[in-house]
2 protein chains.
Amino acid sequence: MSYCDTCLVRNRAICAALDNNEVEALNGIGRRKQLEPGDPLIWEGEDSLLVANVIDGILKLTNCTEDGREQIVGVVYPSDFIGRPFGETSAYSVTALTEAKVCIFSRSDFDRFAQEHPALEHKLLKRTLEELDRTRNWMLLLARKSAEEKVATFLLDMSARLVEPGCEAPQDGALEEFDLPFSRQQIGDILGLTIETVSRQMTRLKRDGMIDLPTRRRVKIIDRFALEDMAG
Amino acid sequence: MSYCDTCLVRNRAICAALDNNEVEALNGIGRRKQLEPGDPLIWEGEDSLLVANVIDGILKLTNCTEDGREQIVGVVYPSDFIGRPFGETSAYSVTALTEAKVCIFSRSDFDRFAQEHPALEHKLLKRTLEELDRTRNWMLLLARKSAEEKVATFLLDMSARLVEPGCEAPQDGALEEFDLPFSRQQIGDILGLTIETVSRQMTRLKRDGMIDLPTRRRVKIIDRFALEDMAG
DNA sequence: CGCCGATTTGATCGTGGTCAACAATAGTGG
DNA sequence: CCACTATTGTTGACCACGATCAAATCGGCG
């Protein structure tokens with residue numbers, strides 16, 4: 001009896017490429033790990049020792065300059081894959097933002113297993129290509145958008161991403177109200193802004209009637225059309 | 001007799017994963033295409049109809065906002081792979097920056113061929129992972145570095161990337177003097193800066209004795225150590 | 001209630017954008 | 001080879017956006 005039988009992301013993670021026997025074999029080389037908010041999993045620049053599937057929770061990928069400026073270069077959600085297979089070192093750090101459950105593998109074990117299972121590699125390739133598309137799109141935001149556009153884009157992105165799988169979405173797969181899984185500081189780290197600028201733009205969007213902020217973490221989209229317009 | 005026999009990047013492109021018979025088969029579904037500077041190959045948002053290997057020349061990948069702001073989200077060199085396999089649409093445009101020669105495949109043909117050749121997919125996966133690492137690193141630059149740091153980083157990156165394959169490098173694989181394949185406008189599009197700011201920072205680096213600018217396109221690195229320091 | 005971290009708000013400053021003029025280079029044709 | 005033009009790059013003046021520094025306010029928790 002393997003963990004995988006009851007795994008919440010069994011059919012959404014890359015494991016979906018495998019049949020039951022293969023999943024059983026993969027299960028043999030993996031183990032579960034529970035993370036608390038702030039717990040690090042992988043360090044930038046260190047040897048790439050492990051890879052993992054996210055079962056539950058949200059984690060951030062970060063890059064830092066020598067003098068300590070941090071930039072969040074990616075955020076991963078349940079069923080996403082983390083780590084750097086087929087490479088010596090990891091180009092970024094991975095840290096839990098919420099309580100999180102991950103299914104980790106030693107990189108060498110995983111590399112070997114993947115090479116023997118083309119369907120798994122195929123799934124991983126598709127995911128990596130999608131992630132690259134998303135990342136490149138985010139570059140446009142970082143390099144060219146104003147603070148206002150960045151925050152509007154971010155909120156729309158969140159409303160699309162925070163939809164629980166299996167939960168019927170009220171409107172075309174996007175939520176109208178949700179709790180942000182990020183602090184203002186983290187939002188700043190994602191958008192390349194300071195905490196003060198994020199705060200100011202949020203209150204501005206509220207003042208202009210596009211959103212409401214019932215609590216610090218909660219966001220309600222009032223005028224999605226205007227917000228999309230603002231996002232540029 | 002296939003084109004591939006005399007292909008300059010036969011052993012560096014993803015084709016290196018294939019034996020001669022397989023390359024012959026791949027050759028059957030591909031064809032060469034010559035591009036002039038400015039020629040487009042793929043459009044952002046359009047159906048992903050083709051993928052390609054770069055044989056010679058340099059091409060840019062770009063994203064645009066609705067109101068026309070452009071950001072270069074990637075630059076590809078000989079032996080690099082372009083296009084979006086296994087996806088319906090392309091998230092970015094591809095345009096030649098120099099005269100270029102590419103080996104193009106219909107996406108559906110390539111997808112089918114790739115699925116039947118795991119070694120090719122493996123090579124493509126490794127490349128995509130490397131590209132993702134590079135792209136994420138660039139996000140840090142776009143979001144957090146000052147104009148001065150951006151330009152210094154860019155010049156160092158160029159000095160490392162413009163090394164001709166097979167040519168012995170004077171110093172550890174990095175050139176001390178080279179011609180930029182980009183206009184000031186394009187450098188701005190890569191760094192998320194305006195043309196004026198790029199120009200100002202270049203003259204500043206020259207004034208400070210870190211580089212020399214013999215012609216508009218040529219750069220000579222005088223004090224690499226200081227430049228690395230500046231790059232942050 | 002009092003404490004502490006997170007967030008908001010305010011005042012000020014500096015970097016890089018914008019607009020404009022000018023210089024240098026490449027390209028064209030007599 | 002030299003005008004003449006078009007393109008590309010440089011420089012200057014000014015301004016706005018977002019960063020920085022500082023203070024006030026909110027919210028959670030003992």
Side-chain angles (χ1 to χ4, degrees), chain A residues 36-38 65 67-71 97-98 140-155 179-208 211-219 230-232, chain B residues 36-38 65 67-71 97-99 140-155 179-208 211-220 230-232:
Chain A
E36 297 304 312
T65 54
D67 60 339
R69 282 168 288 178
E70 173 174 312
Q71 176 62 33
L97 289 179
T98 63
L140 178 66
L141 171 139
L142 291 177
R144 297 292 179 188
K145 290 195 178 179
S146 69
E148 197 170 34
E149 292 172 312
K150 284 181 179 183
V151 172
T153 307
F154 170 78
L155 293 177
D179 280 305
L180 291 169
F182 307 108
S183 70
R184 293 287 185 268
Q185 179 62 59
Q186 287 160 350
I187 297 172
D189 288 344
I190 290 173
L191 298 176
L193 297 172
T194 59
I195 184 174
E196 294 94 330
T197 301
V198 173
S199 179
R200 270 187 255 273
Q201 297 304 331
M202 297 272 270
T203 47
R204 183 116 99 93
L205 292 176
K206 177 178 175 179
R207 176 172 56 70
D208 293 353
I211 60 170
D212 193 20
L213 302 167
T215 74
R216 292 179 160 196
R217 288 282 180 140
R218 198 157 187 79
V219 178
M230 177 98 293
Chain B
E36 298 304 313
T65 54
D67 61 339
R69 284 168 286 177
E70 173 174 313
Q71 177 62 34
L97 290 178
T98 63
E99 284 197 1
L140 179 65
L141 171 139
L142 290 178
R144 296 294 180 187
K145 290 194 178 181
S146 69
E148 196 170 34
E149 292 172 311
K150 284 181 178 181
V151 172
T153 307
F154 171 77
L155 293 176
D179 280 305
L180 291 170
F182 307 107
S183 68
R184 293 287 186 271
Q185 179 61 60
Q186 287 160 350
I187 297 172
D189 289 343
I190 290 173
L191 298 175
L193 297 172
T194 59
I195 185 173
E196 295 94 329
T197 302
V198 172
S199 181
R200 272 186 256 272
Q201 297 304 331
M202 297 272 270
T203 47
R204 183 117 98 94
L205 292 175
K206 178 179 176 178
R207 175 171 56 69
D208 295 351
I211 61 170
D212 193 20
L213 302 167
T215 76
R216 292 179 159 194
R217 288 284 180 136
R218 198 156 187 81
V219 177
K220 180 175 183 182
M230 176 98 295

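The analysis underlying the following values was restricted to heavy atoms, covering all of them including side chains, and did not include hydrogens, waters or symmetry mates. In what follows, every chain begins at residue 1, and chains take the letters A, B, ... in the order their sequences are listed.
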Please work out if B:T215 contacts a base, only the sugar-phosphate, or nothing of the nucleic acid, heavy-atom cut-off 4.0 Å. nothing

Across all chains, not counting sequence neighbours, the side-chain contact (heavy atoms from CB on, under 4.5 Å) partners of A:E148 are A:S146, A:Q201, A:R204, A:M230

Heavy-atom contacts, protein to nucleotides 12-21 of chain C, under 4.0 Å, summarised as B (base), S (sugar-phosphate only) or - (none) per nt, yield ----SSBB--

Under 4.0 Å, heavy atoms only, any strand: does A:R184 hit a base, just the sugar-phosphate, or nothing? sugar-phosphate

At a 4.0 Å cut-off to heavy atoms of chain B, the contacted part of DNA chain D spans D:dT8 to D:dA13

By side-chain hydrogen bond (donor to acceptor under 3.5 Å, both in side chains), B:T197 pairs with (sequence neighbours left out) B:T194

Hits for side-chain hydrogen bond (donor to acceptor under 3.5 Å, both in side chains) against A:D179, two or more places apart or cross-chain, chain-then-number order -> A:R218

Applying side-chain hydrogen bond (donor to acceptor under 3.5 Å, both in side chains) to B:T153 and not counting sequence neighbours gives B:K145

Contacts of A:T203 meeting side-chain contact (heavy atoms from CB on, under 4.5 Å) (sequence neighbours excluded), chain-then-number -> none

Taken to the nearest whole Å, CG/A:L180 to P/C:dT7 is 10 Å

Double-helix bend of the helix from C:dC1-D:dG30 to C:dG30-D:dC1, axes at both ends from 5 pairs, round to 10°, gives 30°

Output for pair (B:K220 NZ, B:L213 CG), nearest 0.5 Å, gives 12.0 Å

Contacts of A:S183 meeting side-chain contact (heavy atoms from CB on, under 4.5 Å) (sequence neighbours excluded), chain-then-number -> A:Q185, A:Q186, A:R217

Sorted by chain and residue number, the salt bridge (charged side-chain N to carboxylate O under 4.0 Å, His left out) partners of B:R216 (sequence neighbours excluded) come out as none

Whole-Å distance, B:R217 CZ to C:dT25 C1', equals 12 Å

Keeping B:E99 on the side-chain end and B:P37 on the backbone end, is there a donor-acceptor pair under 3.5 Å?
no

Residue pairs passing the salt bridge (charged side-chain N to carboxylate O under 4.0 Å, His left out) test with at least one member in residues 184-201 of chain A, sequence neighbours excluded, are A:D189-B:R144

